[in-house]
Amino acid sequence: MEIYTNRKAVFSQELVQLKKKFNAISFFRIISIILALIAIVYFIDTQNKVYSLTAGIFFIAFILLMRFHNKIKDDKEFKEALVTINTDEIAFLKRDKLAFDSGEEFIDFTHPYAYDLDIFGSHSLFQNLNRTNTYIGKKTLANQLLGVLSNSEITANQEAIQELAKKLKWRQEFMAFAKKSQDNPEQYKTLIKWAEFKSKPVSKAVSVLSFLAPTIFALVFIGYLISSNTLYLSALSYLFVFNLIVFGLFSGRISLEITKADNMDIIIKQYGLILQIIENETFESSKLKDLQNQLKVNALNSSGHLKELSVFFSRMESISNFVTTPLFNGLFLFHLHTLQDIIRWKKDYAPALSQWLDVIGTFEALNSLANFSYNNPEFVFPTLNRNHKISFSNLSHPLLNSETRIGNEVDFQPQSFMILTGSNMSGKSTFLRCLGINMVLGGIGSAVCASKAILHPMPVLVSMRLSDSLSDSESYFYAEIKRLKQIMDELNGNRAFVLLDEILRGTNSDDKRSGTIEVIKKMIAKEAIGAIATHDIEVCLTTDDYPNRLINKCFEVEIINDDLHFDYKLHDGICQNKSATFLMKKMGVI
């Protein structure tokens, strides 16, 4: 936390200085334009050329100050973003608040584990991991958390994440540019839709005309300046009208090309700045270098091409100006030339645009996981295998307070399936979620909450939290049966990591017991790895029939000084203590 506190202090001080400069330049900019106007008034009154020269000097000063003002404004916004990034990180580590997007829109009740393991939503895994600031970044991180990668992909991610974790300064600058972009889904989708829209190029004849007509206009104007012949003025007026007619013929196409493109130049410029910081960094891991290489097209990097496109869209925005549009197009067909530039750019680079934005998304997802690793240096990156070996030392839930969470030793060898018992509040459900979340993290290349981890990445299938679906007229019991069917279907021909918590609650105890036992037998027949939690001691006797495949584990509770004490440690065997009767007596229920 100290590093974030120090960085916040430095950036806050720099921000104070930038604000002072910003305000000073704003003041001098106003003064310069006022003085320029006063000089013009005096020139009109006296015809003294000194005043005209003075007005010109103050006007030039105004232009220079305006450009410097814009640069200071960009720097100020950049420092503000850095201050916010470190402020949010401090609040996060203090467990004061979660200032990060929860990914609530990605909640999917039908997904094999997303809802059960709290992957998305308030105080979810996603919200704790998420350090993305663009739509594509958020979407990429969400998609990664919904699946499992191959061993080679996981290894590549591990190397990239470990490298990025060490680059705190670069990571925060990258985040600041992304935050400064103020990106949203509408902007992203508009840009992608524009890139996918097939724009027909203008004909060669029109292209030639777009250069020829302004050239003739310029020559006629020069002729008038030399000769002062009024015939040239008549010709100029006709040429001006002709150019406007040509522009009018293409105004519909121009409007179609820039539909819903408000502020597109700013959006594209910000994407370019994000890509530029990726292009300018030196990376060592193969994945990061590969992503960086995807940004090179022809002579320029992607950021250069986007800067060029940003300029084109900036020019197009002037089309809504009722003064400059007739003037610029009547003189030199300004917007027709810009249309040709945009169409030419689209033909050359639009196919790569989606890929460039995907690179941003991948970097943001990796950056989030790198930040997670940096904040938790005690977490480890699993050693991978292809022999279905899964074991953890000091395994715990990564979202629990590091000062109070309790780790456990877990090994799914030689027995691959665990029957878990324990009273309510003893930690069974938290332990199951702990297993599931760490399997998900390990399956995408992230660090996991353990001191040692050996992992065979595999699909995770969970039945822990289901609810009645009123919209589907579906009871809890039927929803659970459907989920179990989904799990069994997934296990056909594919080994997976399965977590079940007190299944078949919607039926009588005998039916529940026999059904649970049959489910366990079916699981081990399909070679599933994982755990099932149950309160039924008789279910645990199934291990006698399958001693090489099943193992009993439990969470115990002790009564100390007339109070319940949970140690949250995983023990061998079947839970012996009963807490419900004690607790009801103590509270006067019975």
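Only a predicted model underlies this, so the values are computations on that prediction, with no experimental measurement involved. Residue numbers start at 1 and run along the sequence shown.
- Note: Phe109 and His111 fail the aromatic proximity criterion, with ring centroids not under 6.0 Å apart.
- Every pair passing side-chain hydrogen bond (donor to acceptor under 3.5 Å, both in side chains) that includes a residue from residues 406-421 is listed here, sequence neighbours excluded: Ser393-Glu409.
- Listed for the Glu153 side chain is a donor-acceptor partner under 3.5 Å among the backbone atoms of Ser150.
- A donor-acceptor pair is defined here as one N or O able to donate and one able to accept, closer than 3.5 Å; such a pair exists between the side chain of Gln127 and the backbone of His123.
- For Lys389, the NZ atom counts as loosely surrounded, since its 6.0 Å shell holds 12 or fewer non-hydrogen atoms of other residues, nucleotides or ligands.
- Judged purely by atom type and a 3.5 angstrom limit, Ser446 has no side-chain atom pairing as donor or acceptor with the backbone of Gly442.
- In this structure, the side chain of Gln162 engages the main chain of Gln158 through a donor-acceptor pair within 3.5 Å.
- At a threshold of 4.0 Å, the pair Lys169-Glu173 counts as salt-bridged, since one of the basic side-chain nitrogens sits closer than that to a carboxylate oxygen.
- The main-chain N or O of Ile277 is found under 3.5 Å from a side-chain atom of Trp170 such that the two form a donor-acceptor pair.
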Verdict with reasoning, Leu288 to Leu366, per side chain to side chain contact (heavy atoms under 4.5 Å, CB included): CA-CA 10 Å; Leu288 297 181; Leu366 292 172; 4.0 Å; yes

Intermediate values then yes/no, side-chain hydrogen bond (donor to acceptor under 3.5 Å, both in side chains), Tyr113 and Asp118: CA-CA 8 Å; Tyr113 60 78; Asp118 299 311; over 6 Å; no

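- Side-chain atoms of Ser373 never come within 3.5 Å of backbone atoms of Ala370 as a donor-acceptor pair (strictly under, hydrogens ignored).
- Taking the centre and axis of the six-membered ring of Tyr374, the NZ or CZ atom of Arg171 falls inside the cone set by 45° and 6.0 Å.
- Aromatic ring centres of Phe566 and Phe555: separated by at least 6.0 Å.
- Listed for the Asn385 side chain is a donor-acceptor partner under 3.5 Å among the backbone atoms of His388.
- A salt bridge does not link Lys569 to Glu556: none of the charged nitrogens lies less than 4.0 Å from a carboxylate oxygen.
- Using a 4.0 Å cut-off between charged side-chain N and carboxylate O, Lys138 and Asp101 make a salt bridge.
- Side-chain contact check for Asn367 versus Asn371: every heavy-atom pair is 4.5 Å or farther apart.
- Taking the ring centre of Phe372 as origin, the terminal cationic atom of Arg131 falls outside the region bounded by 6.0 Å and 45° from the ring axis.
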Residue pair Thr140, Glu364: steps toward the side-chain hydrogen bond (donor to acceptor under 3.5 Å, both in side chains) verdict: CA-CA 8 Å; Thr140 302; Glu364 282 215 282; over 6 Å; no

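- Formation of a donor-acceptor pair under 3.5 Å by the Asn394 side chain with backbone atoms of Ala450 is not found in this model.
- A heavy-atom distance below 4.5 Å is not found between the side chains of Val410 and Ile390.
- Ring planes of Tyr188 and Tyr135: tilted class, angle from 30 to 60°.
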Verdict with reasoning, Arg405 to Glu378, per salt bridge (Lys or Arg N to Asp or Glu O under 4.0 Å): CA-CA 13 Å; Arg405 66 185 174 219; Glu378 72 278 13; 3.0 Å; yes

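- For Lys287 and Asp290, the salt-bridge test fails: no basic side-chain N is under 4.0 Å from an acidic carboxylate O.
- Val359 pairs in a side chain to side chain contact (heavy atoms under 4.5 Å, CB included) with only one of the listed residues (Ile274, Ile136, Leu295), which is Leu295.
- The environment of Lys139 atom NZ is sparse: at most 12 non-hydrogen atoms of other residues, nucleotides or ligands sit within 6.0 angstrom.
- Donor-acceptor pairing under 3.5 Å is recorded for the side chains of Asn375 and Glu89.
- Checked against a 6.0 Å centroid threshold, the rings of Phe497 and Phe412 count as neighbours.
- Counting heavy atoms from C-beta on, the side chains of Ser509 and Asp536 never come closer than 4.5 Å.
- Using a cut-off of 4.0 Å between Lys/Arg side-chain N and Asp/Glu carboxylate O, Lys553 and Asp572 are scored as salt-bridged.
- Counting heavy atoms from C-beta outward, Glu80 and Val83 have side chains that stay 4.5 Å or more apart.
- Of all heavy-atom pairs between Leu353 and Ala195, the closest is CD2-CB, 3.7 Å.
- Side-chain N or O atoms of Arg495 include none that pairs as donor or acceptor with a backbone N or O of Ala528 at under 3.5 Å.
- Between the Glu159 side chain and the Ser285 main chain, no donor and acceptor come within less than 3.5 Å of each other.
- For an aromatic pair to be called close, the ring centres must be under 6.0 Å apart, and Phe363 with Phe283 satisfies this.
- Salt bridge annotation for Lys512-Glu502: present, with a cationic side-chain nitrogen under 4.0 angstrom from a carboxylate oxygen.
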